Amino acid sequence: MGEQPIFSTRAHVFQIDPNTKKNWVPTSKHAVTVSYFFDSTRNVYRIISLDGSKAIINSTISPNMTFTKTSQKFGQWADSRANTVYGLGFSSEHHLTKFAEKFQEFKEAARLAKEKSQEKMELTSTPSQESAGGDLQSPLTPESINGTDDERTTPEMTQNFEPPRAEPTQNALPFTHSSAISKHWEAELATLKGNNAKLTAALLESTANVKQWKQQLAAYQEEAERLHKRVSELESLSNQANAVQSNKTELNQKIQELESTLKKKEEEIERLKEEIERAKELQEEKDSLSQKLQEIETRNKDLEGQLTDLENRLEKSQSEQEAFRNNLKTLLEILDGKIFELTELRDNLAKLLDCS
């Protein structure tokens, strides 16, 4: 039988950036068909999507996969075999929900198929064990049980570790911590600025396209009204009934074509409106991050002021201690002189007593 499509939908396809593991990279310029396929010979379910002749999705569903809804119209799943994360942007929440339900259904079917495969392997291995008597049998490996590559793979999670950093001194700790946070938010802000510039350009282009399509829509409406009037005029001419009927049929077909074109344009306008809303949300997020960055910079300046004040106080304290040492040294020198004078006076008095 080979592979047969069992469910299809349309969506925008994305893959996670293999370098940053954070940003989404679009793999299709427009919405493409995404289909579930079932391979009856291997008893395997796969998700496949083609952009022209290029396969942008070729993911085999395994029992350990999970499809996650990250928003009302966007979902994602990780494929450890392909070492990537796929993302799908749908035109409505209904399409996303339907795709997620099918994912769960075929994931459960893949799990049952794996269990049946394991049961068959156990049944086939039982007679061979009985015939061997007391001889030891080699244990079944996962490769001998699972019939597909995706069932033999285990998900690998990539973790990013930061190198250890030396502990700062007690006075410089708040300043160093705030500087690291400031650099982090500056990098985030730079990324958002780049994304914002791209979205702004796309927004301007979309706005221009919307205006153009509105003009075309108005022209199509005027054309439709004119054609309706023409049909009425032709129907009023009784001596040309056959010609009127023929023209009416052609005009009705043209009107249907125009209505179909109008419907497609309206759907495209709705899609552009959704992109504009998404751009506004990103702009709000950028403003929020900018405000947080300003607050961190203000706190950083306060900490720098406190550090400068502590350094001044420390320098002043050291100066006072140095002056105190000098005064104490002078006092000790005076005290030594007085003690020496008292010693001489004591010797003189002793001499006087001896003479008397």
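Hydrogens, waters and symmetry mates are skipped; everything else that's a heavy atom, side chains included, is used. Quick caveat: nothing in here was measured; it's all calculated off a predicted structure.
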Distance, nearest 0.5 Å, that separates [atom1] of [X] from [atom2] of [Y]:
X: Leu50; Y: Lys54; atom1: CG; atom2: NZ; result: 11.5 Å
X: Asn64; Y: Lys107; atom1: CG; atom2: NZ; result: 8.0 Å
X: Leu282; Y: Leu192; atom1: CG; atom2: CG; result: 7.5 Å
X: Asn300; Y: Leu293; atom1: CG; atom2: CG; result: 10.0 Å
X: Asp51; Y: Ile57; atom1: CG; atom2: CD1; result: 10.5 Å
X: Ile296; Y: Leu303; atom1: CD1; atom2: CG; result: 11.5 Å

Ignoring hydrogens and angles, tell me if any N or O in the side chain of [X] forms a donor-acceptor pair with the backbone of [Y] under 3.5 Å.
X: Ser49; Y: Thr33; answer: yes
X: Asn348; Y: Glu344; answer: yes
X: Ser288; Y: Glu284; answer: no
X: Tyr86; Y: Val13; answer: no
X: Ser260; Y: Gln256; answer: no
X: Asp309; Y: Gly305; answer: no
X: Lys248; Y: Leu234; answer: no

Honestly curious: do [X] and [Y] fall in one hydrophobic cluster under the side-chain, below-4.5 Å linking rule?
X: Tyr36; Y: Ile56; answer: yes
X: Phe90; Y: Phe14; answer: no
X: Ile6; Y: Val32; answer: yes

Would you call [X]-[Y] a salt bridge at under 4.0 Å N-O?
X: Lys292; Y: Glu295; answer: no
X: Arg271; Y: Glu267; answer: no
X: Lys254; Y: Glu257; answer: no

Quiz: residues 93-101 side-chain donor-acceptor pairs under 3.5 angstrom, not counting sequence neighbours:
residue, atom, partner, partner atom, Å
His95, ND1, Ser92, OG, 2.5
Thr97, OG1, Glu93, O, 2.9

- Task: From the options Tyr45, Phe106, Phe7, select the one residue that forms a side chain to side chain contact (heavy atoms under 4.5 Å, CB included) with Phe38.
- Result: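 So the option named by the test is Tyr45.
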Closest approach of [X] and [Y], non-hydrogen atoms and distance?
X: Thr84; Y: Gln15; answer: OG1-OE1, 3.7 Å
X: Ser8; Y: Ser35; answer: OG-OG, 2.7 Å
X: Asp39; Y: Thr41; answer: OD1-OG1, 2.6 Å
X: Ile48; Y: Arg46; answer: CD1-NH2, 3.6 Å
X: Thr60; Y: Asp79; answer: N-OD2, 4.1 Å

- Query: Taking ILVMFWY side chains as joined if any heavy atoms are under 4.5 angstrom apart, and letting links pass through other members, which residues group with Val25?
  - Reply: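 Members alongside Val25: none; it stands by itself.
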Would you tabulate the side-chain donor-acceptor contacts of residues 67-77 under 3.5 Å, counting partners in other chains and residues two or more places apart, or write 'none'?
residue, atom, partner, partner atom, Å
Thr70, OG1, Phe74, O, 3.4
Ser71, OG, Phe74, N, 3.2
Lys73, NZ, Glu274, OE1, 3.3
Lys73, NZ, Glu274, OE2, 2.3
Trp77, NE1, Ser59, OG, 3.2

- Return the set of residues passing salt bridge (charged side-chain N to carboxylate O under 4.0 Å, His left out) with Glu115 (not counting sequence neighbours), or none when no residue passes.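 Per chain and number, Glu115 pairs via salt bridge (charged side-chain N to carboxylate O under 4.0 Å, His left out) with Arg111.
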Within-4.5 Å side-chain heavy-atom neighbours: [X] and [Y]:
X: Arg346; Y: Leu342; answer: no
X: Glu277; Y: Lys280; answer: yes
X: Leu189; Y: Ser290; answer: yes
X: Leu88; Y: Thr9; answer: no

- Task: State whether the number of non-hydrogen atoms from other residues, nucleotides or ligands found under 6.0 Å of Arg278 atom CZ is greater than 12.
- Result: no
Quiz: residues 332-340 side-chain donor-acceptor pairs under 3.5 angstrom, not counting sequence neighbours:
none

- Message: Does Lys301 form a salt bridge (charged side-chain N to carboxylate O under 4.0 Å, His left out) with Glu304? I'd like the steps, not just the answer.
- Response: CA-CA 5 Å; Lys301 290 180 180 178; Glu304 287 178 352; over 6 Å; no
Which pairs would a plain distance check flag for residues 317-331, meaning a side-chain donor or acceptor within less than 3.5 Å of a matching protein atom at least two apart in sequence or in another chain?
residue, atom, partner, partner atom, Å
Ser319, OG, Glu315, O, 3.0
Asn326, ND2, Glu322, O, 3.2
Asn327, ND2, Ala323, O, 3.3
Thr330, OG1, Asn326, O, 2.9

- Task: Given side chain to side chain contact (heavy atoms under 4.5 Å, CB included), test Leu258 with Leu227 step by step and report yes or no.
- Result: CA-CA 11 Å; Leu258 290 171; Leu227 291 174; 4.1 Å; yes
